[in-house]
Number of protein chains: 2
Amino acid sequence: MTTPAQGLHSHVLATLGLAITAGEYPPGTVLRTDELAQRFDVSRTVVREVVRVLESMHLVESRRRVGVTVLPTASWNVYDPQVIRWRLAGADRPRQLRSLTVLRSAVEPVAAGLAAHNATPDQCRELTEQALGMVATSRGRRLEEYLVHDIAFHRVVLNASGNEMFARLGDVVAEVLTGRTHHHVMFEDPDPAAVTLHVQVAEAVRERNAARAEELTRQIAVGALQELDVLAP
Amino acid sequence: MTTPAQGLHSHVLATLGLAITAGEYPPGTVLRTDELAQRFDVSRTVVREVVRVLESMHLVESRRRVGVTVLPTASWNVYDPQVIRWRLAGADRPRQLRSLTVLRSAVEPVAAGLAAHNATPDQCRELTEQALGMVATSRGRRLEEYLVHDIAFHRVVLNASGNEMFARLGDVVAEVLTGRTHHHVMFEDPDPAAVTLHVQVAEAVRERNAARAEELTRQIAVGALQELDVLAP
DNA sequence: TGTGACATAAAAGTCGTACTTTTAATTCCC
DNA sequence: GGGAATTAAAAGTACGACTTTTATGTCACA
């Protein structure tokens, strides 16, 4: 169950991070570095470096004479891509997917509106290209190919918004879309309505129609949320 | 200029993190742990732990035989509260404030809409209370007191949304509001229109009117964005 | 009996050094 | 000139000694 990992640090970090985010250690649980070193058969040095990283993610808190205390979910850095990946790989994957989808539904429409103002000609072209790619792969169980275009499309929108915070959500969106494709019923082709909406968004951005780009993206978001409700009511 | 800090680790981390996010080391700059240890007069152990943390924030990348390379802004974990704080304290504070305000303008309206559905009676009460607090302190240069209520208000909305990702933006919003109050013209009282909007949002949430809560919050956001444009065109 | 000062020890924090591993860069041979 | 072998530089890992903080238990005093 332990990730292969190149380097002791990565290995211990991955194992511990995954365990904590999976809720294997209830908040308040106290770990001792010596004990961890023994358990993982590594030096205290390595454990200490791992603890420092977990501490920076606010997963744990280290105090003298006490030890390394596991913190409650409320204090975790839930925007840390690493934490997101761990949680998506763990037990509360459904909860996590829902949270992230709601976040998307708030951010992406606004991002699309901004993209209509700020997208470079290159980005407009790329957007259209990806939308067409989605159309081309939307039928005939070509879900993997479709996914690539879908991810690329949303990434371009977020980047084209010109807002750094939005741009950095590209990875999160990629994770969500990948998660959806790989864990949902893989037997159905994507919703044709959604595909059309993507094409239209590309169009709206190209035509610098911000309001339309925003509204259309909002519709995509609504679709994604409904899909969630169907899958996990 | 060095933060006091309790503990060598915190001190070195704060200093290095601030310097990097301030752009003092252009991307690609290579640092060596030994050199850093010497510069800060601490052991290599401490420096290594710091580097590991900076690495987890994607501010730097450490490679054997090369050293610790500073990464470009595009790869930073810009949602890390620590990174946000460093950047707000540094040179590109204006850019950062704008990015965050745009993010707020996307998230908060949706959060308010959700809050109208999910807020507990306690949260409704708290919301009203804070809104009234804002009214009470909105005249007579009582900006500090006003700020406290303003922050509390937005925090409650984000928490009441029931979405974990939204809730975690409470700190970010607090930073933005604080930044605005402390770095803008401190001689004017808050915009009365904004104050009224807050009261109305509290009302809408209490009445479970999601659409109205969302729309009103959107207006607050528009106001915040305009304010930015006035201050830094 | 309760309370506050004090002593104790447990755990993290720091340091120095020695050693291993990876890998960029140089050298050398064909 | 190009590719293989060599070198060395830097991070990665380990270990042991020591320091510092601090929770907790102890003891004296009121």
Side-chain angles (χ1 to χ4, degrees), chain A residues 2-20 25-72 75-76 82, chain B residues 2-17 19-20 25-72 75-77 82:
Chain A
T2 49
T3 317
Q6 74 303 26
L8 300 181
H9 177 82
S10 322
H11 172 239
V12 176
L13 180 63
T15 309
L16 260 183
L18 203 56
I20 293 173
Y25 306 97
T29 305
V30 174
L31 310 166
R32 267 159 296 115
T33 50
D34 289 310
E35 182 211 308
L36 291 174
Q38 216 176 336
R39 173 134 66 90
F40 287 103
D41 192 34
V42 294
S43 69
R44 206 163 70 98
T45 312
V46 170
V47 173
R48 284 189 48 72
E49 287 173 8
V50 167
V51 166
R52 282 254 129 101
V53 171
L54 293 174
E55 210 174 6
S56 89
M57 297 170 173
H58 288 90
L59 296 184
V60 304
E61 184 194 43
S62 176
R63 287 175 57 198
R64 273 173 152 130
R65 165 72 209 228
V66 174
V68 177
T69 313
V70 177
L71 295 175
S75 52
W76 297 354
Q82 184 62 90
Chain B
T2 49
T3 318
Q6 74 299 36
L8 299 181
H9 177 83
S10 323
H11 173 239
V12 176
L13 180 63
T15 309
L16 261 184
I20 293 173
Y25 306 97
T29 304
V30 174
L31 309 166
R32 266 158 298 117
T33 50
D34 290 308
E35 182 210 308
L36 291 174
Q38 217 177 334
R39 173 133 66 91
F40 288 102
D41 192 33
V42 295
S43 69
R44 209 162 68 95
T45 312
V46 170
V47 173
R48 284 189 48 68
E49 286 173 10
V50 167
V51 167
R52 282 254 129 101
V53 171
L54 293 175
E55 211 173 4
S56 89
M57 296 170 173
H58 288 90
L59 296 185
V60 303
E61 183 194 44
S62 175
R63 287 175 57 200
R64 272 174 152 130
R65 165 71 209 227
V66 174
V68 177
T69 314
V70 177
L71 294 175
S75 53
W76 297 353
N77 274 183
Q82 184 61 91

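Order of the sequence lines fixes the chain letters, A, B, ..., with proteins taken first and strands second; residue numbering starts at 1 for each chain.
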Cut-off 3.5 Å, no hydrogens considered: what does the side-chain donor-acceptor table look like for residues 56-71 of chain A, sequence neighbours left out?
unit_1: A:Ser56; atom_1: OG; unit_2: A:Val53; atom_2: O; d: 2.9
unit_1: A:Ser56; atom_1: OG; unit_2: B:Ser56; atom_2: OG; d: 3.3

**Report entry** Any B:Ile20 side-chain heavy atom under 4.5 Å of B:Trp76 side chain
**Finding:**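 Yes, side chains in contact.
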Sub-3.5 Å pairs of nitrogen or oxygen atoms, protein against nucleotides 6-8 of chain D:
unit_1: D:dA8; atom_1: N3; unit_2: B:Arg65; atom_2: NH1; d: 3.1

Rounded distance (Å) that lies between atom [atom2] of [N] and atom [atom1] of [X]:
X       : N      : atom1 : atom2 : value
B:Leu31 : D:dA11 : CG    : C1'   : 13 Å
B:Leu8  : D:dT21 : CG    : P     : 11 Å
A:Asp34 : D:dG16 : CG    : P     : 12 Å
A:Asp41 : D:dT13 : CG    : P     : 13 Å

Query raised in the report: Quick one: how far along DNA chain C does chain B reach, first to last nucleotide 5' to 3', anything under 4.0 Å to a heavy atom?
Result: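 Contacts span C:dT14 to C:dA25, reading 5' to 3'.
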Ignoring hydrogens and angles, write down the donor-acceptor pairs under 3.5 Å from the side chains of residues 27-37 of chain B, residues two or more places apart or on other chains.
unit_1: B:Thr29; atom_1: OG1; unit_2: B:Pro26; atom_2: O; d: 2.4
unit_1: B:Arg32; atom_1: NH2; unit_2: B:Glu35; atom_2: OE1; d: 3.4

Requested in this report: Measure from the side chain of A:Ser43, starting at C-beta and using heavy atoms only, and say which of D:dA11, D:dA14, D:dG12 lies closest.
Outcome: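 Within the option list, the nearest is D:dA14.
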Query raised in the report: In residues 53-64 of chain B, which ones come under 4.0 Å of DNA chain C, going by heavy atoms?
Result: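 When residues 53-64 of chain B is checked for heavy atoms under 4.0 Å from DNA chain C, the hits, listed by number, are B:Arg63, B:Arg64.
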**Report entry** Contacts of type side chain to side chain donor-acceptor pair (under 3.5 Å), residue A:Arg44, not counting sequence neighbours
**Finding:**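 Checked A:Arg44 against side chain to side chain donor-acceptor pair (under 3.5 Å); zero matches.
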